[in-house]
J.: 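Structure in structure tokens, see below.
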Amino acid sequence: NSDSGEHLNSNITSGIQSHHSALKYQHSVIDGQGLLWWRLSYIGHELRPRLLEFQYSHDITIQYISILNSPTYHIYFHDCSVVHVDSCQIYVDSYIERVDGRDSVMYPLNTDGIDIMAVDVIITNNNITSYDDAIVMKPCKRTGIECICAGNALITNNSVFYSTGLTIGSVPPNLEH
């Protein structure tokens, strides 16, 4: 619907009901051009896309990719199972050059590194600088297709810089979870 601006919220890369899929791009960078989106969010525009999103998907591997400056969440798994994220670089560059030529800082909003609403998850060997949650486990809905209860997650050997770290249980309880 072009009148409501919903098209602006389309994710940059999406997988819906993907099965046995892999993204492996060694020596490649996916740049979300976040700066423009972060500026828009400061003036109240919240329809920002996620960089990589998988929904209702099974057996997903993301490996060896570098992700830079997502408008919002860098990697988001919604209602997924058997997820593996390994040896990725997730980076938010908050330093910008102002109009007067001096360096400044733009604090990005809601630029989580990896958001997980999934079961059977391995997150390992990643470097994350997100200025928000680095890795977040969120509850699946009871009516989920691939996941009705998030869990069975191994999160190990990740390096986190300028982020709030690992978050579990940040979503308040409700009847859907």
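Only this structure's heavy atoms are used, side chains among them; waters, hydrogens and symmetry mates stay out.
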J.: Indicate yes or no for a side-chain donor-acceptor contact from Asn152 to the backbone of Val119 under 3.5 Å, with no hydrogens or angles considered.
T.: no
J.: When you compare the side chain of Ile155 with that of Leu166, does any pair of heavy atoms fall below 4.5 Å?
T.: yes
J.: Run the numbers on His78 and Tyr56 for ring pair (Phe, Tyr, Trp, His ring centres under 6.0 Å), then give the verdict.
T.: CA-CA 7 Å; His78 175 85; Tyr56 319 113; 5.7 Å; yes
J.: Identify, with sequence neighbours excluded, every residue that meets ring pair (Phe, Tyr, Trp, His ring centres under 6.0 Å) alongside Tyr131.
T.: Tyr162
J.: Can you tell me how far apart CG (Asn158) and OG (Ser163) are? Round to the nearest 0.5 Å.
T.: 11.0 Å
J.: For residues Arg50 and Ser70, report the shortest heavy-atom separation together with the two atoms involved.
T.: C-OG, 4.2 Å
J.: Nearest 0.5 Å, please: how far is CG in Asn125 from CG in Asn157?
T.: 4.5 Å
J.: Taking all non-hydrogen atoms of both residues into account, name the closest pair between Lys138 and Ala150 and its distance.
T.: O-CB, 3.3 Å
J.: Mind checking the CD1-SG spacing from Ile30 to Cys88? Nearest 0.5 Å is all I need.
T.: 9.0 Å
J.: Is it true that Cys80 and Cys147 have SG atoms closer together than 2.5 Å?
T.: no
J.: Would you check, one step at a time, whether the test side-chain contact (heavy atoms from CB on, under 4.5 Å) holds for Val83 with Ile116?
T.: CA-CA 9 Å; Val83 168; Ile116 309 157; 5.7 Å; no
J.: Without hydrogens or angle criteria, can the side chains of Glu146 and Ser81 be said to hold a donor-acceptor pair below 3.5 Å?
T.: yes
J.: Rounded to the nearest 0.5 Å, how far apart are CD1 of Ile16 and OG of Ser57?
T.: 8.0 Å
J.: For Val85 and Asn126, which heavy atoms make the closest approach, and how far apart are they?
T.: O-ND2, 3.3 Å
J.: Take the angle between the ring planes of Phe54 and Phe77 and call it parallel below 30°, perpendicular above 60°, tilted in between.
T.: parallel
J.: Taking all non-hydrogen atoms of both residues into account, name the closest pair between Pro49 and Pro71 and its distance.
T.: O-CB, 3.4 Å
J.: Salt bridge or not for Asp79 and Lys141, using N-O below 4.0 Å?
T.: no
J.: Trp38 and Arg48: which non-hydrogen atoms are nearest, and at how many Å?
T.: CD1-NH1, 3.8 Å
J.: Would you please say whether a donor-acceptor pair under 3.5 Å links the side chains of His20 and Asp59?
T.: yes
J.: Decide yes or no for Asn127 and Ser159: does some side-chain heavy atom of the first lie under 4.5 Å from some side-chain heavy atom of the second?
T.: yes
J.: Is the closest side-chain heavy-atom distance between Ile128 and Ile114 below 4.5 Å?
T.: yes
J.: So how far is it from Leu68 CG to Leu51 CG, rounded to the nearest 0.5 Å?
T.: 9.0 Å
J.: With heavy-atom distances below 4.5 Å as the criterion, would you say the side chains of Leu154 and Ile123 are in contact?
T.: no
J.: Is there a side-chain contact between Val136 and Tyr73 (heavy atoms, below 4.5 Å)?
T.: no
J.: Using side chain to side chain contact (heavy atoms under 4.5 Å, CB included) as the criterion, list what pairs up with Leu36, not counting sequence neighbours.
T.: Leu40
J.: Say whether Asp133 and Thr164, considering side chains only, have a donor N or O and an acceptor N or O under 3.5 Å apart.
T.: yes
J.: Please determine whether residues Tyr64 and Val29 belong to a single hydrophobic cluster, defined as Ile, Leu, Val, Met, Phe, Trp and Tyr linked transitively by side-chain heavy-atom distances below 4.5 Å.
T.: no
J.: First locate atom OG1 of Thr61, then atom NE2 of His84, and finally report the distance between them rounded to the nearest 0.5 Å.
T.: 6.5 Å
J.: Examine distances only and state if a side-chain atom of Ser21 and a backbone atom of Ile60 form a donor-acceptor pair shorter than 3.5 Å.
T.: no
J.: Can you check whether Gln55 reaches Tyr76 side chain to side chain, under 4.5 Å on heavy atoms?
T.: no
J.: Side chains of Thr156 and Thr124: any donor to acceptor distance under 3.5 Å?
T.: no
J.: Find out whether Leu23 and Leu52 are in side-chain contact, i.e. whether some heavy atom of one side chain is under 4.5 Å from a heavy atom of the other.
T.: yes
J.: So which atom in His74 and which in Tyr91 form the shortest heavy-atom distance, rounded to 0.1 Å?
T.: NE2-O, 4.0 Å
J.: A side-chain contact here means heavy atoms from C-beta on lying under 4.5 Å apart; do Asn69 and Asp31 qualify?
T.: yes
